[in-house]
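Because only heavy atoms are used, hydrogens play no part in the values below, and waters and symmetry mates are left out as well, while side chains stay in.
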Amino acid sequence: MLARLEPLRRRCAGLLALGASFAVPLLLAGAARAEDAAPTADPGHTAWVIAATGLVLMMTLPGLALFYGGLVRSKNVLNVFMQCFVGAGVVGVLWVLVGYSLAFSGSELIPGFVGDFSKAGLAGITKATTWQIIPDVGASPEFIPELIFVMFQCMFAIITPALILGAVAERMKFSAYVAFISLWLLFVYCPLAYMVWNANGWIFKAGGLDFAGGLVVHMSSGFSALALSIVLGKRTGFGKEPMPPHSVPLCMIGAGLLWAGWFGFNAGSALGANGLAASAFLNTNTATCAAVVTWALIELLHRGKATAVGAATSAVAGLVAITPACGHVTVLGALVIGAGVSLISYTAVVFLKSALGYDDSLDVFGVHGLGGLWGAVATGLFGSALVAEPPSMGAQLVLQLKGVAFAAVFAVAMTAIIALVLKAVMGLRVGIEDEDLGLDLAEHSETAYSFGTGAASFVERAPEGYG
Amino acid sequence: MLARLEPLRRRCAGLLALGASFAVPLLLAGAARAEDAAPTADPGHTAWVIAATGLVLMMTLPGLALFYGGLVRSKNVLNVFMQCFVGAGVVGVLWVLVGYSLAFSGSELIPGFVGDFSKAGLAGITKATTWQIIPDVGASPEFIPELIFVMFQCMFAIITPALILGAVAERMKFSAYVAFISLWLLFVYCPLAYMVWNANGWIFKAGGLDFAGGLVVHMSSGFSALALSIVLGKRTGFGKEPMPPHSVPLCMIGAGLLWAGWFGFNAGSALGANGLAASAFLNTNTATCAAVVTWALIELLHRGKATAVGAATSAVAGLVAITPACGHVTVLGALVIGAGVSLISYTAVVFLKSALGYDDSLDVFGVHGLGGLWGAVATGLFGSALVAEPPSMGAQLVLQLKGVAFAAVFAVAMTAIIALVLKAVMGLRVGIEDEDLGLDLAEHSETAYSFGTGAASFVERAPEGYG
Amino acid sequence: MLARLEPLRRRCAGLLALGASFAVPLLLAGAARAEDAAPTADPGHTAWVIAATGLVLMMTLPGLALFYGGLVRSKNVLNVFMQCFVGAGVVGVLWVLVGYSLAFSGSELIPGFVGDFSKAGLAGITKATTWQIIPDVGASPEFIPELIFVMFQCMFAIITPALILGAVAERMKFSAYVAFISLWLLFVYCPLAYMVWNANGWIFKAGGLDFAGGLVVHMSSGFSALALSIVLGKRTGFGKEPMPPHSVPLCMIGAGLLWAGWFGFNAGSALGANGLAASAFLNTNTATCAAVVTWALIELLHRGKATAVGAATSAVAGLVAITPACGHVTVLGALVIGAGVSLISYTAVVFLKSALGYDDSLDVFGVHGLGGLWGAVATGLFGSALVAEPPSMGAQLVLQLKGVAFAAVFAVAMTAIIALVLKAVMGLRVGIEDEDLGLDLAEHSETAYSFGTGAASFVERAPEGYG
Amino acid sequence: MKKIEAVIKPFKLDEVKAALVEIGIHGMTVSEVRGFGRQKGHTELYRGAEYVVDLLPKVKLELVVPDSIAEKAVVAIKDAAKTGHIGDGKVFVSPVEEAVRIRTGERSDAALQ
Amino acid sequence: MKKIEAVIKPFKLDEVKAALVEIGIHGMTVSEVRGFGRQKGHTELYRGAEYVVDLLPKVKLELVVPDSIAEKAVVAIKDAAKTGHIGDGKVFVSPVEEAVRIRTGERSDAALQ
Amino acid sequence: MKKIEAVIKPFKLDEVKAALVEIGIHGMTVSEVRGFGRQKGHTELYRGAEYVVDLLPKVKLELVVPDSIAEKAVVAIKDAAKTGHIGDGKVFVSPVEEAVRIRTGERSDAALQ
Ligand SMILES: Nc1ncnc2c1ncn2[C@@H]1O[C@H](COP(=O)(O)OP(=O)(O)O)[C@@H](O)[C@H]1O
Ligand SMILES: Nc1ncnc2c1ncn2[C@@H]1O[C@H](COP(=O)(O)OP(=O)(O)O)[C@@H](O)[C@H]1O
Ligand SMILES: Nc1ncnc2c1ncn2[C@@H]1O[C@H](COP(=O)(O)OP(=O)(O)O)[C@@H](O)[C@H]1O
């Protein structure tokens, strides 16, 4: 999704003709005459990006909500859903008001680091405004409506903070969660998106590659998850009593929808329907398949059985790792990235977590933090930039490592600051009785499931004609 | 989805060139020569409308089925699924046989009110027949295959009667339900679609705006739901015993899929992949986010807790309200419409329902009826028609109010007639014992859930080698 | 998805202009000059095929997993999910390594029967390589990136073996399942795909029609399912104790997602966004609706009640039957095919199965085997080939019967061989205690559901800091 | 002390609970069970095959009460749970030797108040 | 009257029910429970961590019968529920003082027929 | 023999089980129940309407033990299950006349070991 040629996007669409194979002088003349016209959106590219944007929303609602919701205990599942739904609501509003502008405006508050408010409230963006798609080497510029780009990016901004909730599930105050992600969006996500994807961002300008968000989405959320879970503290009983998933089938539905939706995320990041999108799609699927197979084999060797939660986890890990790389590698690279992430994330989830003793409830750090890190590094190892003369592998790797190191430090530091401020101001955790009772009842006065014929009878009075 | 230029659609595709920016004389000459050729479908627009059509089916199956199914008691969930599935089957068959013709034929049975049978059985529609997409001001005409327009509209015709079931859940005879929606489709939905979306419909001609179905889909189903639930009577125990949702997670999955699918519904109603579709998409998401946040705040103020069922409900309410407006308003309008609908629907669901005492099981009237009404009115307040010289705000508002008033009266009156006829002919309700037993067993001889190792043992004989 | 013109696909894109209606001499001159350029992908067609590919993945994950998973007992549901997820992983890796090459390479190992390894590891396929879409009569050639065709086909290769698992659910060893589908992919699926869809395949060359996979997908999996279930033997208790579905709602969600995803499968098989895709879409929906209505009527007559499992089953049956026909028939043909398949599959599932006494757990043979057979035959009865001079109905019918007969015999024979070899080498079934305990615990050391506050307490020790 | 166990129709639970509260009983334990008896089970369908489910959903109440009010409780339950239709259920009374309130350690009748 | 409580393996329920019907017992109440005993629990996995679940699914039967047929019922259950493997379960017999059929108000043995 | 029934808070199950194992009791049956008592129920919300759920999740333990260790078991449960907060639950003791181990046919105390 790099906006590398964003400054170009107001140039004339007539140049389109230059790259076309049957460009004859007369047409060029026509093109020349239109030189000053605004670029128009291509319906084909637009069609795919609209569909992709819908898919990315589906990743969060209901995808991620199910993936996480199935893994928690039945007394906390609605809290997870609420974090996803109300989180989406808050981010969706903030995004059109200021978030998009901070990340994708053409002018900047802090040069190289964050945009300004010039596009706040989507000022200046109409149905006719366009945005340039990722150009393949030698291809002519093509465009989609900027409004759909705003939405495509909005869905990224919705899912990224939602990823963090997995680390703090089953114990964080709902109000504190909403406050946290609002601040996190503005102070962590928007700046990182600016640095990596805006043509004026320092990582972008340095040549760091992050096709669909290894740094911006996964490392940022994964490392923030680690920091937040440490500030928050462990769940009561963590390490003593197991807390098995209350519904693995829900988790599997979520994993399936994430897999399908991720095609929108990764192939959609080409911002068009072309060979680059097809390649991103193929790499996404291939890496994920490799990750699932590898994880199952590791489990078989380590514990003698391959598990369903393992399959769901590894699918997500594979999808995470290929995210930054999917537009830059070949199918072989995808296979290696997928197999590699299972090794890394399995190790982190099984050994690292227990060694370090933090309680990242649903392993956001092991899967997204380290998976995103691996993907970003692997992009330097196996990928090549979409420019005429890509840098050498060594040079690209150094660029990637710089980006990775910065994203990790930035996410951890900013998250720690936000979390500590909120802890002081409003408190982050529910009380121990509420944790025991479950967050669904304690924070939302609801129960997820009421089975049995007698369930409805278990109630006394119904003021205001409840029915 | 207004078919405003439908009569034009057989004109030549050559005119396409007229609007293109690099139109040179020679090309125009070529265009002129082709003046009489049939218009051809644009692959890009077609791509998005095909995808959108699939998304709209997904809204009903499984989206709406889950949203409603999760909210009923566990003894009635399969009945809800059956209403959605068999309902889709019946409507899908009726639509290609007569429904599409009644709504979208070029000639009419009752002028201004309903079409005729000239397209019955899709007579005259081939793979090559095309339909014009919604033209933006000054844009040249573009086309999609009419067959996909038939299907896009079919999915609207499937979901609209299904919305009504929420009002009559847990007590209506299955056979009566199927009979009801069949008649309702032909006598309520098709005429309303004709009036609002057919170029010859009186509301269309008057200039009433309804981009994706505030009147045709939501007011029609919502007001019919109210009428039908009153004719049907309350559920036994309504108001005395609470009837909590048996599975809020199912409801949330449904809400998520509805949200994602609604992009197909609203942005698909542009019938193409362009700035208009992008704008409809952005408004849809923005209004929904605003509705979710607003509802949560209202709940917090009123009861001290934000709930998951509330989040799901408000998401749907936001989607409903923006439906008629999404192609006509700006992002600010979308924010106001979303926030407004939460105020209106919350008030209706909590105070109006108990004040009036009707049993609209899952609040179809409060959410769809009033949400659709608000959206249609708000289109007059904040929106502008897609024509060169849109009427003044006051004039448009009057047009909208006319449409709203007609749709409300028409839906209530027609539904009451159909319901009373069916009540006399076949009866509408199951017996009280069947209501107590649950409609899954009583109407479908099935049980939704069989958990526990011992579940299968709870059975005596298995004739015909059941397994 | 017939690749009928595949050998043409490297010819020049300039010919495109030939079919365009406003082709003027000058443009033709331009086209002529570009005669040798590589064909480029059309963004519109590409957009739809990318979206369709995502939809087809969603059919398996989570669609099919839910449809089957809901129908088994709660002690075996995770095993079904694992068969779908790990199955997808294995097929996804094998496909890019060798499967695609065996099915779609331009040269062949066994002439007319199977391709070779010339495209192994996707050798020679770049972002710029294209594949020709299904040409309508008289249309000019159009293209999509070959990489997305590779993926579209990959999703078919993922779902087809997964269909088989329904026949062997609740008793097959997980390791044996994975081994089986790997061999089955290479020795049954890839050859059949070659014969039917590759321009050099003998069925293709003979003129056999199979638009989206009646033979390749449904008959192959359905007849293989029958063979495998017989080799495997019945479930313990089959025919004595009923084994009711543990969660009909999960099954219904699956059916809904299959329905929506199938639009990608069938309309996507046009490989483009045009009238042919629209027609395939319309036929798909219409046949499915007809099947659902017909099945419900049959149930009403036979047992007095229409059931939810019946609605889900008939939706799938309708989708199966229209698969080979959807690009070749009109709406009337679709109605007949849909109604017909319900008669055939209901009879098979209720009477044939108990008469013959095999234990095809979830009726893969009755629904997919016979549904696919009926669809392939019906294509001969009601459909016409997409060529200038299609053969007579009688001649086409003979061609179809030849294909059907071959596919049935080939699938049964090959599956029996693979199954017997695996039975000898590694054993196919779990032990009877494991069958009783359930495959989730026995094969994956997991439990699908842990409800109740006390669930987590039911555990003793948690080595390695489990939490 | 006596233990009273009642198996009743699920939708009667509220009424029975109210009847017990009325006679001053403020403690009981409820569970979901399945009952087999004279009441006929349902026929269910699965893909055209019929089968009978003869274990029906019931709710079981357990309450331990001082001897003195056992009979009153039995009558209260019997009256509140009655529909007159087959399958209304049973009430059983059996002896209890000791009761302890965990929170306080109180024993016997004192544990029940 | 006696109350017979049996904790058995779930898949044996059908056989035990049939055995009881055979000796003329037509009423019982069934519930799903979890048993802890000599039978070893399962090891389960979650993301590479192992844990033991030592409460296993069992089915509990409760039936109140006239004194006269209590022993016959115990034997019927014991025989039908036996697999010979560990974890087959237990049968307990305890005294019941009163039984009431809610529908009719019949008491004692009459309530049980 | 005595039957000990305890209704406790769900999260206390592990501790109670451990306490019983410690005094040599290796068999018990556990079920999920709902309790009504002094402990106040929750208020729940549904679309702006409030209602009270006054049946709270509890866990019921049943164990049959030889007379000799009944009191020890009661005390072990009482101590392990206690939080001191309302709703901790109850322990009841009642007489059992016979016990049978299905697997072996052993009776009485021998069936319990
Ligand atoms: N002998 C028994 N022991 C224990 N429970 C019984 C007994 N007989 C009946 N029940 C319970 O009482 C319920 C109602 O009994 P049933 O014979 O169906 O109707 P009724 O009590 O009206 O004669 C049964 O479903 C079962 O749960
Ligand atoms: N003392 C007891 N009191 C109550 N239930 C018991 C007792 N001992 C065992 N059980 C129940 O009986 C079941 C089987 O007991 P177990 O010791 O595993 O095998 P077996 O009965 O074959 O020796 C247990 O799972 C538990 O439900
Ligand atoms: N008389 C009784 N008979 C049976 N169970 C009871 C009785 N009284 C209380 N219980 C059970 O004990 C639980 C705790 O009782 P409660 O009165 O809430 O608190 P406490 O035991 O601390 O006074 C209840 O939820 C219920 O399950």
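- Listed for the D:Arg47 side chain is a donor-acceptor partner under 3.5 Å among the backbone atoms of C:Leu362.
- Considering only heavy atoms from C-beta on, C:Val248 stays 4.5 Å or farther from D:Tyr46 through its side chain.
- Residue C:Ile432 places its CD1 atom among 12 or fewer non-hydrogen atoms of other residues, nucleotides or ligands, all under 6.0 Å distant.
- Inspection of non-hydrogen atoms places no residue of residues 364-376 of chain C under 4.5 Å from chain D.
- C:Glu299 contributes atom CD, which lies 7.0 Å from atom CG of D:Leu45 (distance to the nearest 0.5 angstrom).
- The nearest pair of heavy atoms linking D:Gly48 to C:Tyr346 is CA-OH, 3.6 Å.
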